[in-house]
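Just so you know, ligand 1 is whichever comes first in the structure, and atom 1 is the first atom listed for that ligand. Numbers here simply count residues along the sequence, with the first being 1. In this text, all values refer to a predicted model and were calculated from it rather than measured experimentally.
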Amino acid sequence: MDSQLRAQVVFHLTGRRGHDEAQPATLVGLRPALMAGYRDLESLRYDFPVILVHGDGDFAQPLSDVVDAALRAVATPGVSGESLRRRALKIEREIRQLAARGTRGTLLQLWDKAVAALGASADEAFARDAGRARESLAIDGEVAHCDASLPARFVRHAWRAVQQQKARAARERIEQLVIRLENILRADFARSEAALAAPVLQASFGSAHHAMFDFQAMSQLLSRGGSRGGLDPPRRRRIEDVLAVLKAQRFFPTPGSAGDAAAGRGAHEFEFDSVDAALEAFRRRLPQVAQLLKALQVAELEVAGDYAAVVHDAIFAAFDGGSIGAQDLEFFPDYFVCLAGDGAGEHGRLTEALSSGVPLKVLVQVTDLVEEGMLGAGRFAFGLRASRLASATMSLDDVFVLQSAASNLLQVRDRIERGLRYAGPALFSVYAPPDGGVLPGYLQAAAAMQSRAFPVFTYDPAAGPDLAARFSLENNPQLGVDWPIERFRYADQELQTVTEEVAFTFADFAMCDPRHARHFELAPRAAWSEGMIPARAWLADPPRDPGTAVPFVLAVDDADLLCRLVVDERLMRVAQQCREAWHRLQELGGVNDSRTAQLLERERKAWEEAHRREAAAAPAPVAAQPVVAAAPVAEAEPARNPDEPYIETIRCSSCNECTQVNPRMFAYDGNKQAYIADLKAGTFRQLVEAAESCQLSIIHPGKPWDSSEPGLEELLERAQPFV
Ligand code: SF4
């Protein structure tokens, strides 16, 4: 063993750096090799920033989709609309950069800022096109970038949108009942002696008619009809009481009215920053909830004329906080709790609260996935609290659970809405790294998801009776494997292009955080040897003798030069824990299920045994039979024309990469698997780019169909690995 490998082994096993012990460990300027292409993130069109839309409909939309829709509406197709399109895209890029720098505002506000920053005042044509595109923006709302504040802004906005719809329906129900109950009282009054008194009759006519009638005579005439029945006093009192409750309720205030806050009768608050505060408010309001529920039921019976005092009086007299069921609570606003900073100190209380049946919608913002363990500096544990919180909560059975990285929130927005509408408690655990990290927040969050450090999953108790219906691992890349694998192209020392498959492991994710620098050691190219094995291979099959090989991850420096980082054994152990946690989730999601595999293995052995016994018991052949052509066992794959592009649709993992490149060229079939929907809707370049971004390498671009497309030579070369 050479001395360099020996030093690497010592570092791997002990964390000691030998000759460089005095040098502080650093990862400055390094990033995982697979992230080399995302150095200038803000120049790319991707999911962020998002617009948190004002009003009804989709509550969040990516800025790029909103701009595309505006351009489809205003820019003429072809060359004549090109300058407008280019200018609008320039404004979009400027907005992306403003948002990345922390500028807050609505889309229209940031649009104006971007236009001003791009010097529209000195360019009339630019200002005109910017104005036309602005007028075509179909929506407005706060612009939100993928930073540490995103989980709270995104989920809170979704929660408010859902509550507004709920409140609208509730107010309508209450207002209808108020109108109909008042009509009952008004009709009763119209039949009463008081209503026939001369002054009241006079007041009911317009002033223009006052001189025309003798209201005294009219009163006497009408009163001669005698008694007209009317409401009995208990019913009148009941209706008046119910009206008072409906009008004074504080759960669904009219928009714009804050109630009588000064007198302590303001609209109820439903947003909290601690579980205890939310529970306390819920308990305090329980009598009011019971009172309003009772009033609604009595009102509905009254307007239908179905209230029977002999039956209902006793029932409603006994109705109190203890009579309220989960279904009753669906009518009321849910309690939103936002726990920042991993909800430190709240986790124990959280589990208790979520199992209490109170309709809490809790957002836990996870900021740190690797925690220093009990054994001191350098010893850490994988997600003791944060990333296991969501998995642990699933055991409560009737709690909706969603776990996602912030970078993926847009993709799971439908599921977030489902959780917010779920009639019961819900937990949203979202990872967003603190601002100011080495990588942009979006990349760091995406790295957590890619590396299985923080996989996406949903548990929806309302989706069906069993785990298969309730649990979903959708959105995680390459579900069936331990670590997602991507093609990585680089130039070797002889400047030859090399393409190799590189996995994105937990160690690659840890490398994005400079706090973990002590677990990596840079290996100069001269120190590369056979004894260095990729982290993926090491994790799949650790060497029997740990002193013979060391794991490494690939990184690039600021100049995009490739380097290897040796990973210490402690971090690799955490990577193993991370993989085990991923395996558990896979099993829950029915992927690589160990019980199914065991069953299949048992069945296969039983079948082979039966087959062997049958063969042994069969009589020996009497004479040779003429040989006839064997029937084909399976139909041969249809021969493909290598020039024709195609997707191996059956293997598609629905990752959206290709549909994002061109949603008209690529579409999903009924199984949500991609196929080429319209080849001519895009360019050969887009086809090649989609092939390169497809993590499963199942897009085969074939040959270009338009020989006039620029850059074909380079594109054909890029398409070569996918033939
Ligand atoms: S075909 Fe498209 S959607 Fe399917 S895995 Fe590849 S890139 Fe993703």
Task: Residue and atom names of protein N/O/S atoms that fall under 2.8 Å from atom 4 (Fe) of ligand 1 - done: C652 SG
- [ ] For the residue pair F59 and F154, categorise the inter-ring angle as parallel (less than 30°), tilted (30 to 60°) or perpendicular (more than 60°).
- [x] perpendicular
Open item on the list: Ring-plane angle category for Y646 and H700, please: parallel below 30°, perpendicular beyond 60°, tilted otherwise.
Closed with: parallel
TODO: Mind checking whether Y668 contacts ligand 1 via backbone (N, CA, C, O), side chain (CB onward), both or neither, at a 4.0 Å heavy-atom cut-off?
DONE: side chain
Open item on the list: Counting the benzene-type ring for Trp, do Y490 and F488 have ring centres under 6.0 Å apart?
Closed with: yes
- [ ] Assert yes or no for the condition that the ring centre distance of Y46 to Y442 is strictly below 6.0 Å.
- [x] yes
Task: Residue Y38 excluded, over 12 heavy atoms near OH under 6.0 Å - done: no
Task: Lys/Arg cation over aromatic W483: R536, 6.0 Å, 45° cone - done: no
